[in-house]
Amino acid sequence: MAALSIPTSSSSSPVPPLSWPNTNLDPDPNPNSPFLPSPHHNDEPGSQSLSPDPSSSSAADPLEGDDAPDSPSLENPNLSLHSIAVTPPLMAAEPSSCSSSPPSAASMPSLLHLSFNQDHGCFAAGTDRGFRIYNCDPFREIFRRDFDDGGIGVVEMLFRCNILALVGGGPQPYYAPNKVMIWDDHQSRCIGELSFRSEVRAVRLRRDRIIVVLDHKIFVYNFADLKLVHQIETVPNPKGLCAVSQQQGSLVLVCPGGQKGQVRVEHYGARRTKFIMAHDSRIACFALSQDGRLIATASTKGTLIRIFSTVDGTLLQEVRRGADRAEIYSLAFSANMQWLAVSSDKGTVHVFSLKVNLGLTGNDRPRPAPEPNPPAITSSLSFIKGVLPKYFNSEWSVAQYRLHEGLQHNVAFGHQKNTIVILGMDGSFYRCQFDPVNGGEMTQLECYNFLKPEETF
């Protein structure tokens, strides 16, 4: 594959290469030091090589049909995967405040994609001119790659390292929308690709797997050699819904099932598949906890969010976003699984208290939201509890933050305690703090427009 002519910063300091992929790569534990080389730990995840059952219809047998992938191309199986060294952004600038006058449409790129990395410490933006990587706390642009003749519709990071997955997008895609390009930013070029016969809807990365989502199928590949190890058929999945666990030693994948309202859970370590009938309507959004034990789901109605155990499919908790129908854009668990954040087209970000107990201890144990005078409330309503409509018995959010209605926002929990990071498809970045005891309206800590053109120094 010919090298792409993309300039790199001359100030980049090389980092000793490691074997590719580096399963010992650890996410940077210090959110204030993005892309610094991380210490090595013996945290190699289990189930490194999945050998599908040849008798299974979802095993990696020779593929047929419109979604069948072509042979993957990997330039060099012994590539380097390392943490990106801290360097000044290619176009360094101070962040622009949301209250500033909006930049002209001619000078501002169009956003095609937004996604957090696996530890929510960074986020990637795909535009009609390339892609950019940002740090969340403190907020700043880390680097960008601008292409003169095309857009990037999917950017998937792998924690804070130099390997990314790219898919072309927009009115003039830089790469074909049916290809996943493996980009090595240390070399500023693509070093591998996966081709399909239909458009790629999403990509998910782990240290040991690449997951590619199409309209009706999901393909799972080994990261080391791009060998296909599993394929899954789903209901139509135009949003590319798929989630994968990231904690060492577990490999759990969640995707839409084979029928409306169903989610499918693949436990690769246990070689077990679990189907959960989560809703009566179609699945609109879901999120998986880092360790793969909890899944939160929302349907196209968007009124209720349900939290299930992925192990046995038990419904653990149900919370209510509101009474009116809404499109759920984003769901996110906090790292300690004590909180759940939800964003929708109604323009309000909600934070719910989780009351599930999965055997956590100490400070990590989920705690119920405080209820003033619980004995009096319980006794006064107990005699009509079975008569009241379900709406009045619902669990409501602890904290809220109000945004522009109708605009898509992605949400995640920040690295600082009780903070939320919100990304808008208009280029807005918010960092807010909620009160876990008193709840109510969140406090805005930061607000920037990360798409506003900057001065170059």
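Applying the side chain to side chain contact (heavy atoms under 4.5 Å, CB included) test to R431 and every residue at least two apart in sequence or in another chain returns D137, Q416, T419, V421, F429, L445, E446. Contacts of A335 classified as side chain to side chain contact (heavy atoms under 4.5 Å, CB included), with partners at least two apart in sequence or in another chain: none. Annotation: ring pair (Phe, Tyr, Trp, His ring centres under 6.0 Å) contacts of Y401 (sequence neighbours excluded): Y430. By the side chain to side chain contact (heavy atoms under 4.5 Å, CB included) test, A399 is found to be paired with V351, F434, M442, residues two or more places apart in sequence or in another chain being considered. Q290 meets the side chain to side chain contact (heavy atoms under 4.5 Å, CB included) test with Q246; sequence neighbours excluded.
Using a 30° and 60° split on the angle between ring planes, Y175 and F147 fall in the perpendicular class, above 60°.
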Exercise for the section: Take I218 and I211 through the test side-chain contact (heavy atoms from CB on, under 4.5 Å) and record every step on the way to the result. Expected result: CA-CA 7 Å; I218 293 176; I211 297 96; 3.5 Å; yes
Exercise for the section: Check the pair D215 / R201 against salt bridge (charged side-chain N to carboxylate O under 4.0 Å, His left out), numbers first and verdict last. Expected result: CA-CA 7 Å; D215 272 323; R201 297 302 183 187; 2.9 Å; yes
Exercise for the section: Go through the steps for S198 and H216 under the test side-chain contact (heavy atoms from CB on, under 4.5 Å), then give the verdict. Expected result: CA-CA 10 Å; S198 63; H216 294 85; over 6 Å; no
Problem - Verdict with supporting geometry, E395 and K355, salt bridge (charged side-chain N to carboxylate O under 4.0 Å, His left out) - result: CA-CA 11 Å; E395 294 184 41; K355 301 175 182 178; 3.7 Å; yes
Exercise for the section: Take L164 and V155, measure what side-chain contact (heavy atoms from CB on, under 4.5 Å) needs, and give me the verdict at the end. Expected result: CA-CA 7 Å; L164 302 97; V155 187; 3.8 Å; yes
Exercise for the section: Applying side-chain hydrogen bond (donor to acceptor under 3.5 Å, both in side chains), run through E266 and T273 and close with a yes or a no. Expected result: CA-CA 5 Å; E266 292 288 338; T273 302; 3.0 Å; yes
Problem - S115/H113 under side-chain hydrogen bond (donor to acceptor under 3.5 Å, both in side chains): CA gap, chis, key distance, verdict - result: CA-CA 7 Å; S115 64; H113 170 90; 2.9 Å; yes
Practice task
Would you sort out whether D225 and K227 count as a salt bridge (charged side-chain N to carboxylate O under 4.0 Å, His left out), showing the intermediate values?
Solution key: CA-CA 5 Å; D225 54 10; K227 177 184 177 182; over 6 Å; no
Handout entry: Test side-chain contact (heavy atoms from CB on, under 4.5 Å) applied to D324 and T303, step by step
Key = CA-CA 7 Å; D324 299 331; T303 53; over 6 Å; no
Exercise for the section: Kindly indicate, with the supporting measurements, whether the criterion salt bridge (charged side-chain N to carboxylate O under 4.0 Å, His left out) is fulfilled by E441 and R402. Expected result: CA-CA 8 Å; E441 292 293 325; R402 307 189 190 283; 2.9 Å; yes
Practice task
Show the numbers, then the answer: is there a side-chain hydrogen bond (donor to acceptor under 3.5 Å, both in side chains) between S250 and Q247?
Solution key: CA-CA 6 Å; S250 68; Q247 193 176 71; 4.9 Å; no
Practice task
Apply side-chain hydrogen bond (donor to acceptor under 3.5 Å, both in side chains) to the pair T234 and N237, showing each step before the final yes or no.
Solution key: CA-CA 7 Å; T234 69; N237 188 14; 4.7 Å; no
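Annotation: salt bridge (Lys or Arg N to Asp or Glu O under 4.0 Å) contacts involving residues 331-347, sequence neighbours excluded, are absent.
Residues W183 and I163 fail the side-chain proximity criterion, which asks for heavy atoms closer than 4.5 Å. Counting only heavy atoms from C-beta outward, the side chains of I210 and I182 approach each other to under 4.5 Å. Side-chain contact between V342 and Y329: absent, with no pair of heavy atoms (C-beta onward) separated by less than 4.5 Å. A heavy-atom distance below 4.5 Å is not found between the side chains of V213 and L241. Looking only at side-chain heavy atoms (C-beta outward), L288 and S245 come within less than 4.5 Å of each other. When side chains are defined from C-beta on, L166 counts as touching F131, because their heavy atoms get closer than 4.5 Å. Side-chain contact between V212 and L194 is present, with heavy atoms from C-beta onward closer than 4.5 Å. Residues V220 and L253 are in side-chain contact: their nearest non-hydrogen atoms beyond the backbone lie under 4.5 Å apart.
Proximity of a side-chain donor or acceptor of R306 to a complementary backbone N or O of A278 within less than 3.5 Å is detected. Side-chain N or O atoms of N222 include none that pairs as donor or acceptor with a backbone N or O of A224 at under 3.5 Å. One N or O on the side chain of N410 and one on the backbone of L114 form a donor-acceptor pair closer than 3.5 Å. Not a single donor-acceptor pair under 3.5 Å links the side chain of D184 to the backbone N or O of S188. Side chain of H415 to backbone of D119: a donor-acceptor contact under 3.5 angstrom is found. H267 contributes a side-chain N or O that, together with a main-chain N or O of T310, makes up a donor-acceptor pair within less than 3.5 Å. When atom types are taken as modelled, the side chain of S344 and the backbone of I328 share no donor-acceptor pair closer than 3.5 angstrom. Q408 contributes no side-chain N or O that, together with a main-chain N or O of D426, makes up a donor-acceptor pair within less than 3.5 Å. No side-chain donor-acceptor contact under 3.5 Å links T297 to the backbone of I307. The main-chain N or O of V244 is never found under 3.5 Å from a side-chain atom of R209 such that the two would form a donor-acceptor pair.
Proximity of the aromatic rings of H230 and Y268 is defined here by a centroid distance below 6.0 angstrom, and this criterion is met. In this structure, the ring of F219 has its center less than 6.0 angstrom from the ring center of F196.
Rounded to the nearest 0.5 Å, atoms CZ (F223) and CG (D208) are 9.5 Å apart. Considering CD of Q433 and CG of N418, their distance stands at 6.5 Å, rounded to 0.5 Å. To the nearest 0.5 angstrom, L331 atom CG is 9.5 Å from F352 atom CZ. Between I133 atom CD1 and N117 atom CG the span is 8.5 Å, to the nearest 0.5 Å. Taking SG of C190 as the reference point, atom NZ of K179 lies at 10.0 Å (rounded to 0.5 Å). Atom SG of C122 sits about 11.5 Å away from atom CZ of F159, to the nearest 0.5 Å.
None of K239, R282, R321 except one satisfies the salt bridge (Lys or Arg N to Asp or Glu O under 4.0 Å) rule with E327; the exception is K239.
F450 does not carry R132 over the face of its six-membered ring by the limits of under 6.0 Å from the centre and within 45° of the normal.
The pair D185-R145 meets the salt-bridge criterion, since a charged nitrogen lies less than 4.0 angstrom from a carboxylate oxygen.
Heavy atoms from other residues, nucleotides or ligands lying under 6.0 Å from CG of D280 number 12 at most.
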